[in-house]
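One structure below.
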Amino acid sequence: MAHPALSEGSIKRIVDGSQEQPILQILGAKLIPNSDNERYRLLISDGVHLHSFAMLSSQLNYMFKEGSLSDFTIFRLMRFNTSTINSKNDSAGKRVIVILEINVLVPGHNVGGKIGNPLPLDQKPDQNIAGAAAPSVVAPRATSSFTPKTTGIYNTGASTSSIGSGYGGYKSSLAKNDITLKDYVIHPISTLTPYQNKWVIKGRISNKSNIRTWKNDRGEGKLFSFEMADQTAEIRATAFKDQVDMFYDKIEVDRTIYMTKCSMKSADKRFNATKHEYELTLNSDTIIQGCFDEDHELPVTHYTFVPISQIAKMEPNSMIDVIGVCYTAGDVVQFTARTSGRELKKREVTLVDNSRATVSLTLWGEDAENFDASYQPVIAIRGARVTEFGGGKTISLASGSLMKKNPDIPEGHQMRGWFDNCANVDEIEMNVSARTGGASNIKTDWITFHEAKIRNLGMGDAPEYFQTKAIVHLVRLNNCVYKSCPQAECNKKIIDQDDGTYRCEKCNASYTNFKYRFLVSMSIGDWTSNRWVTCFNEVAEQMFGKTAQEYGELQAINSDEAEALLTNIHFNSFIFKLRIKMEHFGDSNRNKINVVSATPINYKEYNEYLMKDLASLTGIGMN
DNA sequence: CCCCCCCC
């Protein structure tokens, strides 16, 4: 059957600046992931060359949706622009064709296949993704393209004459174009081990870091890392120094590549978010080549989502995958890190999932600034870092983490459906980031106020914890409650707008109600000394045996009774677990103590402590 | 060969 002939060589001419209306063929069309606007990218062919950076102008998006841009479609390119995209360190840049108008000549299903044998257009000789000429290290499976691929070549070792001893001896005189990795047997990424050094993998780049430099005792240099995935697994690869220069610009997220000949080592799970047991280091033998077809078949990221409720049990510093709905988001907060002096920006976001738990996610820097929480998007994170804070767990984005908004994966659609149709905010059962409760279980030593002082407890950067038996001397009645944001996870003080509404700056919202929370200052004394300490809501409610709400409401009608409710605990003894830390307010520094818990005295435990203390002081009764 | 990822 006769189709219009493709305008052979036109892609090259267009890239070089020609204006014409060539006839071309579509070999693939896909949504560009991660872009804020819906954009589609076409793989087009003129029968001789391929061009994979043809972007559909957004007013033509409907053509993709109605199916008129199916694979193999023959079309005339009526109007287009070309532009050069500079990737970060690529002064040469790459030509992009922006398609403004298309006339479909033959729908793809009437064509049924690829015309000719188009090859990727080398925009510049040294821009070839294969990099500089490198010796082949694996044998071609066969010279004939009709020979089916088998894995035998790897299993049997030197099964063809072209394999020299140890593979490294393969003729280095081969021109780079003679090494075409797509003609080799492709190994599933999951099967890579250091015990098998002859492999070619094909995968989609799922993550890529910036170039980072380092300097330490062992030297200095630069590096970047990336991850690539096929249907079986995902693996991390790192390039150092020369390999950074050679490959950084060739590695693009979402591009599919072939790769062979890297060093392999065990993955360090502290920093490697993939599930792979090993990771790769690029070296001077490494060959990477772009894949210009079939790439839409490959998956991008391998997730193993942990229900948010389970994060409570995760080890600090572990890396986990999480998916949830961004339920609330705070503002970007800028501050100076006290230890490093660096200016930092962060944003706290709350995720919720159908385990009916919420977790606080911390975003940093650009991720914090660029985060758009509108319409409560689904957020998927591969490799979030678990941090313990005050007994609760939070997660944060670290380098190597991958965050996707509204990911087009089944779990993403499920999460959306659950949140929009089934989720009831009142049914959220757990905030795994909640600080109270957890911290009261921490092991603390018995230390008196006097000892704390002479030992300079809490004078360093890190908070320190201790416990002592103390008597409440005086509860400060002024400002012992405040009106806070009514949202369950937000305890920010609200601004009374004097019109019956209350504004929460953190949630950027106004409410008609608020909730009371205790923030109580009290003087407590053990047998050595006394200190002013601060009790937050949960601890104060336990000590007073009343909720802040009850107190606040009572205060409004009978302040004497309300006052009695607080002074009621004067001269009562508790075991106080205390957190002591330097706090900085402008110029002044204060060694501040917060009450982690105040519990009635367990005399059995307390006496055991006294006995032990006595024994060690006197040397009597010690074995 | 990096591997810091910050703060309350």
Side-chain angles (χ1 to χ4, degrees), chain A residues 207-227 236-245 248 262-274 279-284 286 316-319 330-350 360-369 381 383-403 433-436 438-439 458 461-465 489-492 506 519 534 536 579-585 590 592 594 596:
Chain A
N207 200 5
K208 179 192 177 185
S209 77
N210 294 323
I211 296 174
R212 202 177 73 237
T213 57
W214 86 86
K215 195 170 190 174
N216 61 26
D217 303 342
R218 281 166 294 187
E220 59 184 275
K222 59 182 174 181
L223 73 133
F224 83 101
S225 56
F226 61 94
E227 284 147 18
R236 182 174 191 245
T238 303
F240 292 94
K241 301 174 183 173
D242 291 350
Q243 281 67 244
V244 174
D245 296 333
Y248 184 76
C262 299
S263 318
M264 206 178 298
K265 61 172 187 176
S266 288
D268 187 331
K269 291 296 175 191
R270 287 173 303 167
F271 311 110
N272 186 326
T274 73
E279 60 186 47
L280 303 170
T281 303
L282 309 204
N283 58 45
S284 55
T286 299
N317 294 324
S318 55
M319 279 186 158
D331 292 328
V332 177
V333 178
Q334 188 164 358
F335 61 94
T336 307
R338 223 162 9 83
T339 44
S340 65
R342 274 205 284 170
E343 279 293 305
L344 299 176
K345 283 175 184 160
K346 70 161 183 174
R347 187 199 289 261
E348 301 272 345
V349 161
T350 304
S360 174
L361 162 68
T362 308
L363 307 176
W364 298 94
E366 285 182 16
D367 287 317
E369 289 184 26
I381 303 167
R385 179 164 297 242
V386 178
T387 306
E388 179 151 19
F389 179 55
K393 297 278 170 49
T394 62
I395 55 174
S396 62
L397 236 55
S399 80
S401 306
L402 189 65
M403 177 170 68
S433 305
R435 279 180 261 165
T436 44
D461 289 325
E464 291 181 272
Y465 295 86
E489 293 96 88
C490 181
N491 298 322
K492 176 97 177 147
K506 193 175 170 189
L519 184 60
T534 301
F536 293 113
R579 176 186 195 268
I580 184 164
K581 186 172 178 293
M582 288 306 292
E583 304 227 332
H584 309 265
F585 296 97
R590 282 194 303 158
K592 193 160 184 272
N594 291 337
V596 174

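All of these numbers come straight from a predicted model, not from anything done at the bench. The sequence lines fix the lettering, A, B, ..., with proteins before strands; numbering per chain opens at 1.
To the nearest angstrom, C1' of B:dC4 lies 12 Å from CH2 of A:Trp364. The distance between atom CG of A:Asp268 and atom P of B:dC5, rounded to the nearest whole Å, is 13 Å. The distance from atom CZ of A:Arg212 to atom P of B:dC4 is 9 Å, rounded to the nearest whole Å. For the pair A:Arg347 CZ and B:dC8 P, the computed distance is 20 Å after rounding to whole Å. Between the CZ atom of A:Phe335 and the C1' atom of B:dC8 there is a distance of 8 Å, rounded to whole Å. Taking atom NZ of residue A:Lys215 and atom P of nucleotide B:dC3, one finds them 14 Å apart after rounding to whole Å. If you take CZ of A:Phe224 and P of B:dC4, they are 20 Å apart, rounded to a whole angstrom. Following rounding to the nearest Å, A:Asp217 (CG) and B:dC4 (P) show an atom-to-atom distance of 13 Å.
With A:Arg385 contributing its side chain and A:Phe271 its backbone, the two residues share no donor-acceptor pair below 3.5 Å. Counting only distance, with no hydrogens or angles, the side chain of A:Ser433 and the backbone of A:Lys393 share a donor-acceptor pair below 3.5 Å. One N or O on the side chain of A:Ser209 and one on the backbone of A:Ser225 form a donor-acceptor pair closer than 3.5 Å. Although no hydrogens or angles enter the test, the distance criterion places no donor-acceptor pair under 3.5 Å between the side chain of A:Arg212 and the main chain of A:Leu223.
Residue A:Glu583 is classed as having no contact, given no heavy-atom separation below 4.0 Å to the nucleic acid. Counting non-hydrogen atoms under 4.0 angstrom, A:Arg236 reaches a base of the nucleic acid. A:Arg218 comes within 4.0 angstrom of the backbone, heavy atoms only, and of no base. Among the atoms of the strands shown, none is found under 4.0 Å from any heavy atom of A:Lys345. Residue contacts shown for A:Asn216 are limited to sugar-phosphate atoms, with no base heavy atom under 4.0 Å away.
Between B:dC1, B:dC6, B:dC3, one nucleotide has an atom nearer to the side chain of A:Phe240 than all others, and that is B:dC1. Taking only side-chain atoms of A:Ser399, from C-beta outward, the nucleotide of B:dC2, B:dC1, B:dC5 with the closest atom is B:dC5.
Phosphate contact (OP1/OP2 of B:dC1, side-chain N/O of A:Lys265, threshold under 4.0 Å): present.
Put simply, A:Trp214 does not rest on the base of B:dC2: the two rings are not both less than 5.5 Å apart at their centres and under 30° in tilt. Residue side chain A:Phe389 meets the stacking definition with respect to B:dC8: its ring centre sits within less than 5.5 angstrom of the base's six-membered ring centre, and the planes differ by less than 30 degrees.
Heavy-atom neighbours of A:Lys492 NZ from other residues, nucleotides or ligands within 6.0 Å: at or below the threshold of 12.
For a distance-only test at 3.5 Å, the side chain of A:Arg342 qualifies as a donor-acceptor partner of the base of B:dC6.
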